[in-house]
Amino acid sequence: MPAAHLPEALGPILEFLDMAGIAVFALSGALLAAVKKQTLVTFLFFAVVTGVGGGTVRDLLIGAPVFWVHENQTLLICFGAALALWLLPARLWKGKTLLWLDAAGLAAYATFGAAKGLAFGLAPLPAFAMGVLTGCLGGIIRDLLAGEPSILMRPELYVTVAALSAALFVALTHYAGVPGDVAGPAAFLAGFALRAGAILRGWGLPVYSR
Amino acid sequence: MPAAHLPEALGPILEFLDMAGIAVFALSGALLAAVKKQTLVTFLFFAVVTGVGGGTVRDLLIGAPVFWVHENQTLLICFGAALALWLLPARLWKGKTLLWLDAAGLAAYATFGAAKGLAFGLAPLPAFAMGVLTGCLGGIIRDLLAGEPSILMRPELYVTVAALSAALFVALTHYAGVPGDVAGPAAFLAGFALRAGAILRGWGLPVYSR
Amino acid sequence: MPAAHLPEALGPILEFLDMAGIAVFALSGALLAAVKKQTLVTFLFFAVVTGVGGGTVRDLLIGAPVFWVHENQTLLICFGAALALWLLPARLWKGKTLLWLDAAGLAAYATFGAAKGLAFGLAPLPAFAMGVLTGCLGGIIRDLLAGEPSILMRPELYVTVAALSAALFVALTHYAGVPGDVAGPAAFLAGFALRAGAILRGWGLPVYSR
């Protein structure tokens with residue numbers, strides 16, 4: 001099967017996870033633009049960069065064509081997310097909304113990144129790393145652009161969440177033979193649940209203290 | 001026509017716009033090194049990274065060979081810009097020089113990025129986005145490296161300028177059939193004029209205020 | 001000789017330099033995670049991003065397959081470095097350890113980056129620039145992620161060190177015909193010695209002072 005057709009082979013549920021990851025990261029980017037009192041055009045810019053950033057780096061690393069440059073759909077999703085945030089009442093976005101959107105994007109991108117890595121023939125360990133790196137990248141790029149302290153440095157679990165989703169997907173599909181459309185949602189939900197515990201209850205791993 | 005020959009098809013005026021964008025971004029990078037009291041070698045480094053940064057990402061995204069790695073000319077332009085800044089009297093660079101150089105680079109790169117995107121077969125919306133993203137990237141990378149607040153976050157119009165140049169170029173060439181060597185200067189000048197209004201008169205769009 | 005086989009043609013000593021550069025940059029990334037009191041998973045993340053960051057960008061720029069995605073070895077080196085740092089007594093890492101690891105990574109990556117650029121057919125000036133850019137990138141990415149002031153902006157020589165190693169390698173192999181396995185260690189040692197002088201004695205070039 002030629003490489004260009006591989007993404008379709010990932011199955012509809014993983015495709016949905018990809019779109020959902022793009023949409024929630026785009027929302028999280030636009031939300032940071034709102035917090036920073038920016039214009040609508042900057043909302044759109046942040047939505048696009050945060051929405052497609054992680055996946056773009058993933059595609060460059062695995063040698064795939066960058067997923068959003070040959071169709072309009074992905075950019076329209078990002079533009080829609082930014083517009084929705086601009087138009088809808090601000091009280092919908094108050095409080096910890098940014099953290100929850102970021103959590104969903106993190107788990108979705110980590111899962112889909114590992115899946116696409118395996119689909120492009122990566123060895124299991126690099127496929128796992130691809131999920132972790134590209135899952136975390138959207139939030140990293142967003143925070144760098146806005147001059148915020150990186151979400152990586154927050155005390156609760158973050159990279160670990162991406163590692164759980166990516167490792168679970170690789171283990172289930174590559175080693176246990178579970179189909180991707182089952183392993184994908186399972187890996188996403190496990191990562192999202194872990195991040196939820198981190199946000200709500202401050203779950204963390206022991207930190208270096210020497 | 002094979003992809004490797006497409007850039008030549010962009011025409012001499014767009015090629016000139018590309019070189020001009022590289023030179024002014026290189027100057028703006030070297031100027032920030034001057035503000036930060038760096039050495040000549042760091043001047044050269046900042047000139048290269050700022051001068052070629054946006055175009056490098058553009059080429060990676062559209063799957064083109066990175067434009068500066070197979071010839072010496074581009075790097076020599078960047079080196080020349082850094083040397084000129086090092087040697088010439090500092091009063092030439094005082095005040096708002098960095099903003100004006102950045103304005104020219106922004107409009108030139110946004111126009112040329114959209115043009116190269118179309119030349120490599122991108123759909124109109126991604127070609128537009130390519131112009132915006134890669135137009136803004138030179139300044140973003142420069143500010144990140146120097147630890148400056150990002151130019152994106154300044155109150156006046158910035159991303160909007162890149163969006164105007166890129167949208168105008170795509171509209172004129174793709175939809176209205178205007179030749180690139182006419183549409184290119186028009187799109188550049190429109191963007192530069194808008195940024196000039198933003199710098200001189202503080203033109204801006206309404207910001208998010210809820 | 002097909003491009004995919006070129007890296008092997010670099011010879012065993014340059015290959016060793018590459019692995020050594022990855023390992024010390026990985027250690028420097030994990031060490032910054034330790035300074036920032038992070039978890040083991042964040043140690044691993046920083047080790048990977050810092051260890052492979054510069055080389056990844058190098059491979060993207062020269063059009064080579066990204067070196068770490070089709071085998072497990074590179075990631076295992078990074079994981080081993082992070083684990084060693086987590087487990088071994090902290091007094092081994094106190095003081096200026098981060099600077100020394102970074103110095104070794106800088107000189108090794110600058111040398112190997114120039115070598116790989118030449119091996120992929122780049123012109124001498126871009127091959128030199130490739131060494132400088134990718135040598136400096138590991139430290140830049142590490143500091144950006146951690147929210148540290150960039151190592152580029154420190155007063156002592158830094159970019160100059162990468163420039164010395166890269167220029168020496170290009171001059172010795174491309175112009176003087178010295179074999180890579182001799183020129184590589186020479187270029188590495190010259191750069192490392194220069195950085196050592198910068199760290200120990202504050203060696204520097206004149207800074208811009210107008």
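Any value given below was found using the heavy atoms of this structure, including those in side chains, with hydrogens, waters and symmetry copies removed. Lettering follows sequence order; numbering is per chain, from 1.
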Where on [X] is there a heavy atom nearer than 4.5 Å to chain A: the side chain, the backbone, both, or neither?
X       : value
L122(B) : both
L133(B) : both
T160(B) : both

Should the heavy atoms of other residues, nucleotides or ligands under 6.0 Å from CZ of F16(A) be counted, would the total exceed 12?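 No, the 6.0 Å shell around CZ holds no more than 12 heavy atoms from other groups.
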Quick one: sort the F79(A) and F128(B) rings into parallel, tilted or perpendicular, breaks at 30° and 60°.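 Plane angle over 60°, so perpendicular.
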Which atoms of [X] come close to chain B, meaning under 4.5 Å heavy atom to heavy atom: side chain ones, backbone ones, both, or neither?
X      : answer
V35(A) : neither
K36(A) : side chain
L60(A) : side chain

Could you state the interatomic distance from CG (D143(B)) to CG (L144(A)), rounded to the nearest 0.5 Å?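 Interatomic distance, D143(B) CG to L144(A) CG, rounded to 0.5 Å: 12.5 Å.
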On a heavy-atom basis, which atom in [X] and which in [Y] lie closest, and how many Å separate them?
X       : Y       : answer
Y208(B) : L85(A)  : OH-O, 3.8 Å
L145(A) : S150(B) : O-CB, 3.7 Å
H70(A)  : F120(B) : CE1-O, 4.4 Å
V207(B) : W86(A)  : C-CH2, 4.1 Å
N72(A)  : L125(B) : OD1-CB, 3.0 Å

For the residue pair [X] and [Y], establish whether any side-chain heavy-atom pair is separated by less than 4.5 Å.
X      : Y       : answer
T39(A) : P206(B) : no
T42(A) : L152(B) : no
F46(A) : V159(B) : no

Only pairs at least two apart or in different chains count here, so list each side-chain hydrogen bond (donor to acceptor under 3.5 Å, both in side chains) that has a residue in residues 97-107 of chain B.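 Sorted result for residues 97-107 of chain B: D102(B)-R142(B), D102(B)-Y158(B).
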Most chain B-contacting option - heavy-atom pairs closer than 4.5 Å, from A33(A), A34(A), G147(A), A146(A):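 It is A34(A).
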